[in-house]
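Reading through the structure tokens given below for one structure.
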Amino acid sequence: RSSDLLNPDGVLAGRPWWEKHIFALLLGTYLAGFLLFYPATWAIDDEGSILALTASLARGTVFLDRAGIDVGTAFAWKGHLLSKYSPFHALLLVPFVYSNWRLMFLVGPAFVVIGAFVIRRMLQERGLPEHWIALYFLCPGLTYYSRTLMAAVPAAVLALIGSLLLFGE
């Protein structure tokens, strides 16, 4: 019986029952919340510009005007319109132009999941309790930007990966 394994404080094998599964619980909660409120469309003007650049790259050019796209956030350069956003992030989104553009919104959460595993590894390497991963999942900026087409989450997670590779054991 599982009740025989718990002491009066609710501790299982020296640790609270939830601590053994905290990573899976937090990851599952994040993913459930994301799926429950899956973005139906883009909401920030910057996202529209990234989407325009993505469509332009899918048509084989970085020049928005050559792709037939005109957005207010572009700037003129040698007679052409260029996006002010990074083409590297837009390249991550190009495959979704050919299927369903709304699936682009899965890129942010995918990087959140990758980042969670990176943070977990960092905690393990330093012998720190895994429940500190809660700070990662409770970061408001991470939660907000993971629901957008912005490059903030992929950039932050790539920085985490770089830190792990540079400072990891």
Side-chain angles (χ1 to χ4, degrees), residues 2-3 5-6 9-55 57-58 71 73 83-165 167-168:
S2 62
S3 62
L5 300 175
L6 297 175
D9 297 324
V11 176
L12 177 64
R15 295 181 359 200
W17 67 269
W18 55 266
E19 192 174 320
K20 289 186 177 189
H21 307 288
I22 191 70
F23 182 77
L25 289 168
L26 290 170
L27 184 62
T29 301
Y30 168 79
L31 290 173
F34 181 84
L35 292 174
L36 185 63
F37 299 107
Y38 187 76
T41 187
W42 56 275
I44 304 170
D45 189 44
D46 295 348
E47 287 179 287
S49 296
I50 291 170
L51 188 56
L53 177 58
T54 301
L57 291 172
V71 292
T73 57
S83 174
K84 66 179 184 177
Y85 295 97
S86 166
F88 301 108
H89 178 61
L91 282 172
L92 285 174
L93 307 175
V94 166
F96 301 105
V97 171
Y98 300 108
S99 58
N100 181 345
W101 70 271
R102 286 183 172 87
L103 294 177
M104 291 180 192
F105 288 98
L106 295 176
V107 172
F111 273 91
V112 169
V113 170
I114 293 166
F117 281 96
V118 170
I119 295 287
R120 180 185 192 195
R121 173 81 181 265
M122 289 174 160
L123 292 170
Q124 289 170 341
E125 284 183 358
R126 285 151 186 81
L128 297 171
E130 201 169 275
H131 63 264
W132 285 103
I133 195 77
L135 294 175
Y136 175 77
F137 284 110
L138 294 174
C139 177
L142 180 78
T143 303
Y144 174 75
Y145 281 107
S146 71
R147 300 180 44 76
T148 71
L149 295 176
M150 303 300 289
V153 172
V157 171
L158 289 174
L160 282 174
I161 291 170
S163 297
L164 177 64
L165 293 174
F167 302 115

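Side chains are part of it too, since the values below use all heavy atoms of this structure and drop only hydrogens, waters and symmetry mates. Residue numbers run from 1 in the order of the sequence given. Everything numeric in this text was worked out from a predicted model, so none of it was measured.
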(request) Specify the closest pair of heavy atoms between Arg147 and Tyr38, including all atoms of both residues, with the distance to one decimal. (result) NH1-N, 4.2 Å
(request) Supply the atom-to-atom distance Phe137 CZ to Leu27 CG, rounded to the nearest 0.5 angstrom. (result) 4.5 Å
(message) Quick one, Ile119 and Trp132 - any side-chain contact, counting heavy atoms below 4.5 Å?
(response) no
(request) Measure from the ring center of Phe117 to the ring center of Phe23 and say whether it is less than 6.0 Å. (result) yes
(message) In the structure I gave you, are the side-chain heavy atoms of His131 and Leu26 within less than 4.5 Å of one another anywhere?
(response) no
(message) Please give me the minimum heavy-atom distance between Pro87 and Leu53, naming the atom from each residue.
(response) CA-CD2, 3.9 Å
(message) Measuring only between side-chain heavy atoms, which start at C-beta, is Phe105 closer than 4.5 Å to Glu47?
(response) yes
(message) In the structure I gave you, are the side-chain heavy atoms of Phe111 and Val107 within less than 4.5 Å of one another anywhere?
(response) yes
(request) Report, as yes or no, whether the 6.0 Å neighbourhood of atom OH on Tyr145 holds more than 12 heavy atoms from other residues, nucleotides or ligands. (result) no
(message) Is there a side-chain contact between Trp101 and Thr54 in this structure, where contact means two heavy atoms from C-beta onward sitting under 4.5 Å apart?
(response) no
(request) Answer yes or no: is there a side-chain heavy-atom contact under 4.5 Å between Val113 and Leu31? (result) yes
(message) Once rounded to the nearest 0.5 Å, what's the spacing between atom CG of Asp45 and atom OG of Ser49?
(response) 5.0 Å
(request) Determine whether more than 12 heavy atoms belonging to other residues, nucleotides or ligands lie under 6.0 Å from atom CZ of Arg120. (result) yes
(message) Which heavy atom of Ala116 sits nearest to which heavy atom of Ile133, and what is that distance?
(response) O-CD1, 3.6 Å
(message) Treating His89 as the side-chain partner and Leu149 as the backbone partner, does any N or O pair qualify as donor plus acceptor under 3.5 Å?
(response) yes
(request) Please check if the side chain of Tyr85 supplies one atom and the backbone of Ala151 the other of a donor-acceptor pair under 3.5 Å. (result) no
